[in-house]
Amino acid sequence: MIPANAAPLAIALLGLLLGMRHATDPDHVIAVTTILSRERRLVVAARIGVVWGLGHTLTVLLVGAAIIVFKIAIPVRLGLAMEFAVAVVLIMLGVGAAASLIHKAAARMRASLSEQQGLVVHAHAHAHGGAVHSHPHVHVGSQENADDAMHHDHRIPADRLPPFAARRPLLRSFAVGLVHGLAGSAAIALLVLSAIPQPLWATLYLAIFCVGTIIGMGLITTAIATPFMVVSRRASWIHQGLVTGSGLLSFGFGLFLAYQIGIVDHLFSAAPIWIPQ
């Protein structure tokens, strides 16, 4: 004999599992990886994933519940625009990697020129008045060669950063989660409503789905961050390559999404095509 509460429990478990699977969507993983790639503490990296999930949950619950309860219809162009915002965010997250490559190339050129004169030019990160920044300076003599100066880690430990600078990755993760939730809320809500017509149960399922997303992203960020942490302690140049690579991946995937949504789906034309998925 099947207990009477078996169906609600099964629906809750399904919502939790689907929410965890939703966290593995490529655009979600790429965005969060780009943010956490510079972190060197596992706890902070896991927190970034959870905070992303909270931002995602906020918009999914607000927009999704409104669609479920009030039967709001999202216009095609607005739906595409919300998804296009994800592409813009991914591009913005990856711009830093492209800028970093240009900066490093310029720094190597300066170092190679100054090496002939026995000088080593590089930069240390430091804080003045609560603002973290860095500027180039010169080492005279042969105590440190140019190549060591390029790869030596001069970042300030997280516990010594000004409060806002230390929280910046969390704020960025929360903002990215908001955008991702906004883009996916319509599709998630419509899918839930088609499976569970009753608004109350559909909204409750949506909340459980969001909890699963938070848990899933927390686990994913922990799993992704672990190799970053190990590599950062043993080979800083490999770690830097992974950081740059994740940024370039975000930039490239953002461009692909922008092309797909803007050109293929005709966001900027007279007849846009949008199929929530």
Side-chain angles (χ1 to χ4, degrees), residues 15 18-35 49 51-95 171-214 216-217 249-277:
L18 288 179
M20 294 175 70
R21 194 222 63 82
H22 179 68
T24 66
D25 285 356
D27 55 330
H28 300 166
V29 175
I30 290 172
V32 174
T33 301
T34 305
I35 297 171
V51 168
W52 179 94
L54 291 173
H56 185 275
T57 293
L58 181 61
T59 46
V60 166
L61 277 180
L62 289 178
V63 178
I67 293 173
I68 290 172
V69 175
F70 301 107
K71 304 296 191 291
I72 296 175
I74 302 295
V76 172
R77 196 177 299 278
L78 177 59
L80 278 178
M82 291 190 297
E83 293 187 0
F84 190 80
V86 173
V88 173
V89 166
L90 289 172
I91 292 172
M92 291 175 63
L93 287 174
V95 162
L171 295 174
R172 186 183 301 133
S173 182
F174 184 77
V176 172
L178 286 174
V179 175
H180 276 105
L182 187 64
S185 56
I188 295 170
L190 292 174
L191 179 63
V192 172
L193 190 57
S194 65
I196 309 174
Q198 297 86 357
L200 177 61
W201 287 107
T203 305
L204 180 60
Y205 175 91
L206 191 64
I208 296 172
F209 178 93
C210 289
V211 171
T213 302
I214 294 173
M217 187 54 75
L249 178 61
S250 177
F251 186 78
F253 193 72
L255 289 177
F256 169 76
L257 281 183
Y259 171 80
Q260 184 71 29
I261 296 168
I263 306 301
V264 177
D265 295 336
H266 306 290
L267 171 60
F268 304 111
S269 70
I273 303 170
W274 181 50
I275 302 176
Q277 54 186 345

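Computed from a prediction, not measured in an experiment: that's the story for all the values here. No hydrogens, no waters, no symmetry mates; every other heavy atom, side chains included, goes into these values. One is the number of the first residue; the rest follow in order along the sequence.
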Original post:
Do the side chains of Val32 and Val176 get nearer than 4.5 Å, heavy atoms only?
Top reply: no

Subject >> Reported OG1-to-CE distance for the pair Thr34 and Met92, which is rounded to 0.5 angstrom >> reply: 13.0 Å

**OP:** Could you check if a side-chain atom of Val192 sits within less than 4.5 angstrom of a side-chain atom of Phe209, using non-hydrogen atoms only?
**Re:** no

Original post:
Between His180 and His28, how do the two ring planes meet: parallel, tilted or perpendicular, split at 30° and 60°?
Top reply: perpendicular

Subject >> Approximate separation, where rounding is to 0.5 Å, of Ile35 CD1 and Leu171 CG >> reply: 10.5 Å

**OP:** List in chain and number order the residues that pass ring-ring contact (aromatic ring centres under 6.0 Å, His included) with Tyr205, two or more places apart in sequence or in another chain; answer none if no residue qualifies.
**Re:** none

Subject >> Minimum side-chain heavy-atom gap Phe256-Ile261 below 4.5 Å >> reply: no

Subject >> Ring centers of Phe268, Phe84 separated by less than 6.0 Å >> reply: yes

Original post:
Between Thr24 (side chain) and Met20 (backbone), is there a donor-acceptor pair under 3.5 Å?
Top reply: no

**OP:** Determine, stepwise, if the pair Trp274 / Asp265 fulfils side-chain contact (heavy atoms from CB on, under 4.5 Å).
**Re:** CA-CA 7 Å; Trp274 181 50; Asp265 295 336; over 6 Å; no

Could you pull out every donor-acceptor pair under 3.5 Å between side chains of residues 59-81 and any protein atom, sequence neighbours left out?
from, atom 1, to, atom 2, distance (Å)
Thr59, OG1, Gly55, O, 3.4
Thr59, OG1, His56, O, 3.3
Thr59, OG1, Leu178, O, 3.1
Thr59, OG1, Leu182, N, 3.2
Lys71, NZ, Ile68, O, 3.3
Arg77, NH1, Leu267, O, 2.5
Arg77, NH1, Ser269, O, 3.1
Arg77, NH2, Ser269, O, 2.9

**OP:** Apply side-chain contact (heavy atoms from CB on, under 4.5 Å) to Ile91 and Val95, showing your working.
**Re:** CA-CA 6 Å; Ile91 292 172; Val95 162; 4.2 Å; yes

**OP:** Compare all side-chain heavy atoms of Met82 with those of Val179 and state whether any distance is below 4.5 angstrom.
**Re:** no

Original post:
Between atom OG1 of Thr57 and atom CE of Met217, what is the distance when rounded to the nearest 0.5 Å?
Top reply: 10.5 Å

Subject >> Pairwise distance CG(Leu193) to CG(Leu206) - rounded to 0.5 angstrom >> reply: 10.5 Å

Original post:
Hey, are the side chains of Leu255 and Phe251 touching, using non-hydrogen atoms and a 4.5 Å cut-off?
Top reply: yes

**OP:** Please round to the nearest 0.5 Å and tell me the distance separating atom CG of Asp27 and atom CG of Leu257.
**Re:** 6.5 Å

Original post:
Do any N or O atoms from the side chain of Ser250 and from the backbone of Leu90 form a donor-acceptor pair under 3.5 angstrom?
Top reply: yes

